[in-house]
Undergrad: 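Sharing a structure below in structure tokens format, with a few things to ask.
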Amino acid sequence: MLDIRRIRTEADAVKAALARRGIDTSDIDRLVQLDGRQRQLASERDELRSQIKAMSKQVGLLRRDGKAEEAEAAQQESRDLGDREQGLAGEAATVAEEIHDLLLRVPNTPSDDAPDGGSDADNPVLRVQNFDPDSFGEHQRIPHWELGTRYGILDNERAVKISGAMFTMQRKGGATLARALLQYALDRNAHRFEEVRPPTLVTSETLTATGQLPKFADDAYHLERDDLWAIPTAEVPLTSIHRDEILDAADLPMRFMAATSCYRREAGSAGRDTRGMLRTHEFDKVEVFAYVAPEQAEEQLGEMLEGIEATIADLGLAYRVLDICTGDMGQSHHRSFDVEVYAPGTDQWLEVSSVSWFSDYQARRGNIRYRPGSGGTAMVHTLNGSALAVPRVWAAIVETYHRADGGIDVPDVLLPYFRGSDRIA
RNA sequence: GGAGCGGUGGCAGAGUGGACGAAUGCACCGGUCUUGAAAACCGGCGACCUGCAAGGGUCCGAGGGUUCGAAUCCCUCCCGCUCCGCCA
């Protein structure tokens, strides 16, 4: 969430920044108004409390000195002050609640560097790598779900029987490929990031810190009896590792990575990309994450993007990098880049990674601070990126590595994970 | 799930209705001493809100309640430990 002090002192600048997302900014006006009222109420209450405290001390002294009548009078006066204070407290609680609810729903302000735009159609393509459209043969122009069925490495029919629509199951070399990709991505990043196996069922507080709650509750799986949520990405538990803590500046940046299953209800997506495994309710992903001091954020962002590009490039896949525009950014994002791989079978660019800088938006929601050299405490910045989202990379590999004479090769960098085989199928 | 015991500052740990935001120790920071360091000694040392400042206010797991006054009493919940049950 945004800093209420920033909203108070720079309301116009905040509104201008949010307007670049193409959203209504009347919430900011309302927040400024509520904030003024809250501050007024707080100062009145502080004054009353101060009087009550002084009065109570006097009561104690009077009673000790045996002056019962005077003590009784002071008690009565203190009671009256207490009643007034109660009234103010009630109003203050109402105002505080409205402020909190509003703040949780106001999105992050985009970075000045983020390009303007209204939708994903406006995202500038920063670069295209390894891509030559004429290099693909007819045998590579077959969608992965056809190849998957042909070679028995994808069995979605049975996945649907087991779990319903939009679930997927890989078998044999296809299953090996999915697991190999996870291990490959972890190994690629192990020199920079601490490996973590976090819980994948989390509390509402955890899901609120990253921004999925309260606005996007419908997108997540909820286990009602236990009030737990299935994570949509490892970003969720990783961000909450140090929630409600104050970090030592010397420890920053702190970097974590995790391979987890991710669960998404994907409401409203039926009918598009539902074949194969491009869009499913459950998939595996390796996520990289960092807590940094604000001045370290841009460098960390560049480093993450670079690492992710190298991971994809070394798999021998064509990819491109998009600079996400203000109209397409997620609620919590301050700056964001997408990496898309080229899937020849369907002639599509598939989003396999999103590298994002959240400024202090998530840190404030999760109360994650550090002690800067200047003294006191300040909010950290958080960043994360998908190091490798398995299903779409799986699809691109199966299509790209399909041989003209039949069979599917293992990309060189994955050979160590294939038990001596050099064939996926 | 049942029974018992707990939850206090970075850590350990006192405090069971009245000057407690909280003793003490450790850790940490500054200083004295020393060629340097250690030791010793002196001083400092929580977070947050508000205010130009002086100051005022909030926070002892969370939320409610009793009281003139709550870390302290009562209720609910959460978490931890021990034992039992169950279990990969």
Side-chain angles (χ1 to χ4, degrees), chain A residues 1-9 31-103 197-209 213 223-229 237 240-252 254 260-261 291 360 363-380:
Chain A
M1 55 192 171
L2 301 182
D3 185 356
I4 187 70
R5 273 170 294 198
R6 182 172 162 222
I7 291 174
R8 183 189 309 150
T9 56
L31 278 167
V32 169
Q33 184 196 344
L34 288 168
D35 176 59
R37 180 64 187 146
Q38 182 178 46
R39 282 148 45 87
Q40 186 195 341
L41 286 168
S43 108
E44 287 173 24
R45 284 186 73 197
D46 282 0
E47 177 56 31
L48 282 174
R49 283 245 177 82
S50 177
Q51 290 178 23
I52 291 168
K53 278 184 142 179
M55 199 66 70
S56 297
K57 281 177 186 174
Q58 224 176 17
V59 171
L61 292 175
L62 288 171
R63 284 181 44 177
R64 191 169 58 195
D65 297 345
K67 300 176 180 169
E69 270 179 40
E70 288 174 55
E72 180 53 45
Q75 281 184 25
Q76 184 54 49
E77 193 173 339
S78 185
R79 255 193 294 269
D80 294 343
L81 290 171
D83 290 343
R84 282 171 58 196
E85 199 264 350
Q86 280 299 307
L88 291 177
E91 192 186 341
T94 308
V95 171
E97 195 183 339
E98 192 179 343
I99 288 175
H100 187 67
D101 290 351
L102 267 179
L103 276 179
R197 285 292 274 177
T200 54
L201 296 179
V202 301
T203 63
S204 297
E205 291 72 36
T206 297
L207 209 59
T208 301
L213 291 180
L223 283 73
E224 233 172 276
R225 288 175 60 141
D226 301 291
D227 194 20
L228 288 170
W229 303 77
S240 275
I241 287 179
H242 289 294
R243 182 153 50 84
D244 293 319
E245 293 182 27
I246 301 175
L247 306 176
D248 195 334
D251 293 335
L252 300 176
M254 291 178 80
T260 69
S261 292
Y291 298 108
D360 60 6
R364 187 163 281 108
R365 293 173 85 102
N367 191 30
I368 309 162
R369 294 171 290 173
Y370 76 110
R371 298 184 194 281
S374 51
T377 58
M379 294 293 164
V380 301

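Throughout, a chain's letter reflects where its sequence line sits, starting with A, and its residues are numbered from 1.
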Undergrad: Assess whether one donor atom and one acceptor atom, taken from the side chain of A:D46 and the base of B:rG56, lie less than 3.5 Å apart.
TA: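 It does, because a donor-acceptor pair links the side chain of A:D46 to the base of B:rG56 below 3.5 Å.
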Undergrad: Is a side-chain donor or acceptor of A:S56 paired with a backbone partner of A:I52 at a separation under 3.5 angstrom?
TA: yes
Undergrad: A:R364 near the nucleic acid: base, sugar-phosphate alone, or nothing, with a heavy-atom cut-off under 4.0 Å?
TA: nothing
Undergrad: Nearest to the side chain of A:R79, heavy atoms from C-beta on, is which of B:rC68, B:rC48, B:rG51?
TA: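 Among B:rC68, B:rC48, B:rG51, the one nearest the side chain of A:R79 is B:rC68.
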Undergrad: Looking at A:V202, is its backbone amide N or carbonyl O close enough to the side chain of A:T206 to form a donor-acceptor pair, meaning the two atoms are under 3.5 Å apart?
TA: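 A pair under 3.5 Å: no.
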Undergrad: For a quick check of understanding: with a heavy-atom distance under 4.0 Å over all strands, which category does A:R63 fall into, base, sugar-phosphate or nothing?
TA: base
Undergrad: Can you measure A:L41 atom CG to B:rU50 atom P for me and round it to whole angstrom units?
TA: 14 Å
Undergrad: When the C1' atoms of B:rA23 and B:rG13 are considered, how many whole Å apart are they?
TA: 10 Å
Undergrad: Any side-chain N or O of A:K53 below 4.0 angstrom from OP1/OP2 of B:rU58?
TA: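 Yes, within the criterion.
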Undergrad: Has the side chain of A:R49 got a donor or acceptor atom sitting under 3.5 Å from an opposite partner on the base of B:rG56?
TA: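 Check fails, no donor-acceptor contact within cut-off.
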Undergrad: P atom, B:rU24 versus B:rC79: distance in rounded Å?
TA: 35 Å
Undergrad: Do the charged groups of A:R84 and A:E91 touch, with an N to O distance under 4.0 Å?
TA: no
Undergrad: Calculate the interatomic distance between A:I4 atom CD1 and B:rC48 atom P; express it in whole Å.
TA: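 A:I4 atom CD1 is separated from B:rC48 atom P by 17 Å.
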Undergrad: What is the separation between atom CZ on A:R371 and atom C1' on B:rC45, rounded to the nearest whole Å?
TA: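 Rounded to the whole Å, the gap is 10 Å.
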Undergrad: Whole angstroms only, please: what is the CG-C1' distance between A:N367 and B:rG61?
TA: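 In whole Å, B:rG61 C1' and A:N367 CG are 15 Å from each other.
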Undergrad: Remember a base hit wins even if backbone is also touched, and classify A:S56 as base, sugar-phosphate or nothing at under 4.0 Å, heavy atoms.
TA: base
Undergrad: Any base atoms under 4.0 Å from A:L61, or only sugar-phosphate, or nothing? Heavy atoms, all strands.
TA: base
Undergrad: Of all the choices, B:rU50, B:rG57, B:rC68, which nucleotide is nearest to the side chain of A:S78 once you look at every atom?
TA: B:rC68
Undergrad: Between B:rG31 and B:rA39, how many Å separate the two C1' atoms, rounded to a whole number?
TA: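 Comparing C1' positions in B:rG31 and B:rA39 gives a spacing of 16 Å.
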Undergrad: Can you tell me the Watson-Crick or wobble partner of B:rG4, both distances under 3.5 angstrom?
TA: B:rC81
Undergrad: Quick one: A:D244 CG to B:rA47 C1', roughly how many Å, whole number?
TA: 12 Å
Undergrad: For A:Q51 and A:E47: C-alpha separation, side-chain torsions, deciding distance, then whether side chain to side chain donor-acceptor pair (under 3.5 Å) applies.
TA: CA-CA 6 Å; A:Q51 290 178 23; A:E47 177 56 31; 3.0 Å; yes
Undergrad: Looking only at side-chain atoms of A:T377, point me to the closest of B:rC68, B:rA47, B:rG56.
TA: B:rA47
Undergrad: Let's see if you can work this out: which of B:rA19, B:rU50, B:rG18 has an atom nearest to the side-chain heavy atoms of A:V59?
TA: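 Selected nucleotide: B:rG18.
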Undergrad: May I ask you to say what A:S43 touches in the nucleic acid, namely base, sugar-phosphate or nothing, with a heavy-atom cut-off under 4.0 Å?
TA: nothing
Undergrad: Any salt bridge between A:D3 and A:R364, counting N to O under 4.0 Å?
TA: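 Yes, this pair counts.
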Undergrad: Given B:rC48, B:rU50, B:rC68, identify the nucleotide with an atom nearest to the side chain of A:R369.
TA: B:rC48
